[in-house]
Amino acid sequence: MSKNTKEDFLFNNYKLFLVALVALGHFLEPNYLNHPFLYYLKWLIYSFHVPAFVFISGYFSKREKSLKQLFRSILLPYLVLEVLYFFYYTYFLHIETKLYLLYPKFSLWYLLCLFAWRFITPYFKRLPYPLILSFILGLLIGLSSIKSNFLSLPRMLVFYPFFLMGEITTREQLSSLRNKLRKKTILFSLLLCFLVVGLIAIFSGAPVKLLYGRYNYSYLGQPPFIGIIFRMIFYLLAISITLLFFCILPNKSYFFTKWGYSTMPIYIGHGFVYNYFKQQKSWLENIEDWPDISLLLFLCLFLVFLFSLPPFQLAMDYLTGKRRLISR
């Protein structure tokens, strides 16, 4: 951190919280249908964790970068990690795959989208009512038959409104929001949002994949009008929960706060472990009782700690160009 301000602590705590949810959300994929708690937890996590992460990415993207800078800090790491994943899948996990640079592997879609978001936003903001337009595009992409993983275009459009919201949100607006809302109001509003998520998960009959931002309405088994309505509800829930957590998360420094300074090593690193467990072990698929659930939660927290250690942070800094291998 360049400055030890309360805002730094708040964002670091928030990013760490979110990246832990990212890891947990992935590890729940093979087993969330095995237990009611895991089912609800999966829905709850996916109702807001990616939008909140995208919002924060947008908030810290106010300074425009040249195409060369974006290539060095985002696109080059994406290409390197795609190649690394290819060798990992092929020679370690023995999964038959190819080097599809236009079809991101696993969680690398976020890097590709981040590059696009940062590149187009200065131009997109010149359009009339850009935020409204971004939401319209996010709703309409669900009508498209484009392949879900091609350049991650569906996710790119579905989550772009949150990036744009973060980019135009000011420090003063967040501070005002934190100061105006009482804790009782925040807690009640959060519980209400959680209740709505639970009711949708239990009674709607919709698959949790509707929150992934990856699939069109037809794939999800929804008529276009119903799909748009569900996505609108998802947008409202994601915005509400994202902002409410801004109001309730602490802006103090704890022993773990520094782990949230750079969450990319955690984001990337846990994926290699998850894919190993998914491919080589049956344990993930058979988690269905509380001892195993507790062990799963502990594993995710341990991975957050592990990949927050300095060697992984330094490796990611070198990869993204924040540090040079040879100082001048």
Report task. Assess the pair Tyr32 and Trp43: is the distance between their ring centroids shorter than 6.0 Å? Result -> no
Rounded to the nearest 0.5 Å, the CG atom of Leu102 sits from the CG atom of Asn149 at a distance of 10.5 Å
- Query: For the residue pair Tyr215 and Tyr219, does the interplanar ring angle fall in the parallel (under 30°), tilted (30 to 60°) or perpendicular (over 60°) class?
  - Reply: parallel
* Exercise: do Asn13 and Thr257 side chains pair donor with acceptor under 3.5 Å -> yes
| said: Using ring centroids (six-membered ring only for Trp), state whether Tyr59 and Phe11 fall under 6.0 Å. | reply: yes
For the rings on Tyr276 and Phe272, is their centre-to-centre separation under 6.0 Å? no
Between Glu29 and Lys42, is the salt bridge (charged side-chain N to carboxylate O under 4.0 Å, His left out) condition met? List the steps. CA-CA 8 Å; Glu29 185 64 27; Lys42 180 77 171 181; 2.6 Å; yes
Practice problem: Kindly state whether the ring of Phe115 and the ring of Phe71 have centres lying under 6.0 angstrom apart. | Solution: no
Result for side chain to side chain contact (heavy atoms under 4.5 Å, CB included) between Ile186 and one of Leu191, Leu177, Leu244 points to Leu244
Original post:
Under the salt bridge (charged side-chain N to carboxylate O under 4.0 Å, His left out) criterion, do Lys125 and Glu167 qualify, and how do the steps go?
Top reply: CA-CA 10 Å; Lys125 286 170 62 180; Glu167 205 271 347; 3.0 Å; yes
- Taking the side chain as every heavy atom from C-beta outward, state whether Gln313 and Trp259 have any atom pair closer than 4.5 Å. no
Heavy-atom nearest pair, Leu10 first then Arg178, reads CD1-NH1, 3.4 Å
- With side-chain hydrogen bond (donor to acceptor under 3.5 Å, both in side chains) as the test, would you mind laying out the steps for Tyr261 and Ser308 before giving the verdict? CA-CA 9 Å; Tyr261 167 63; Ser308 68; over 6 Å; no
_Taking the ring centre of each residue, are Tyr212 and Tyr46 less than 6.0 Å apart?_
yes
Please examine the side chains of Leu114 and Leu70, heavy atoms only from C-beta on, and report whether any two atoms are closer than 4.5 Å. no
- Item | Ring geometry between Phe312 and Phe307 (parallel below 30°, tilted from 30 to 60°, perpendicular above 60°) | perpendicular
* **Tyr235 ring center near Phe162 ring center (under 6.0 Å)** => yes
Partner of Phe55 under ring-ring contact (aromatic ring centres under 6.0 Å, His included), picked from Phe163, Phe60, Phe246, is Phe246
### Message
Would the distance check show the side chain of Thr121 and the main-chain N or O of Trp117 forming a donor-acceptor pair, the cut-off being under 3.5 Å?
### Response
yes
**Prompt:** Do Ile136 and Leu139 have side-chain heavy atoms sitting under 4.5 Å apart?
**Reply:** no
(message) Would you say that Phe27 contacts Phe277 through its side chain, given a criterion of any heavy-atom pair below 4.5 Å between the two side chains?
(response) yes
Quick check on the 6.0 Å ring-centre criterion: do Phe194 and Tyr40 meet it? no
For Phe92 and Phe87, what are the C-alpha separation, side-chain angles and deciding distance, and is it a ring pair (Phe, Tyr, Trp, His ring centres under 6.0 Å)? CA-CA 7 Å; Phe92 187 78; Phe87 282 104; over 10 Å; no
message: Quick one, Leu153 and Leu157 - any side-chain contact, counting heavy atoms below 4.5 Å?
response: no
So, do Asn31 and Leu296 sit near enough that their side-chain heavy atoms are less than 4.5 Å apart?
yes
* So, His49 versus Phe17, ring centres under 6.0 angstrom or not? -> no
Rounded to the nearest 0.5 Å, the CG atom of Leu111 sits from the OG atom of Ser152 at a distance of 10.0 Å
Residue pair Ile141 / Ser144, side-chain heavy-atom distance below 4.5 Å:
yes
The side chain to side chain contact (heavy atoms under 4.5 Å, CB included) partner of Arg231 among Val158, Leu210, Leu140 is Val158
Using side-chain heavy atoms (C-beta onward) and a distance below 4.5 Å, is Leu301 in contact with Leu297? no
Q. Do the two ring centres, one from Phe124 and one from Tyr160, sit under 6.0 Å apart?
A. yes
Handout entry: Verdict with supporting geometry, Asn275 and Tyr88, side-chain hydrogen bond (donor to acceptor under 3.5 Å, both in side chains)
Key = CA-CA 10 Å; Asn275 279 285; Tyr88 182 66; over 6 Å; no
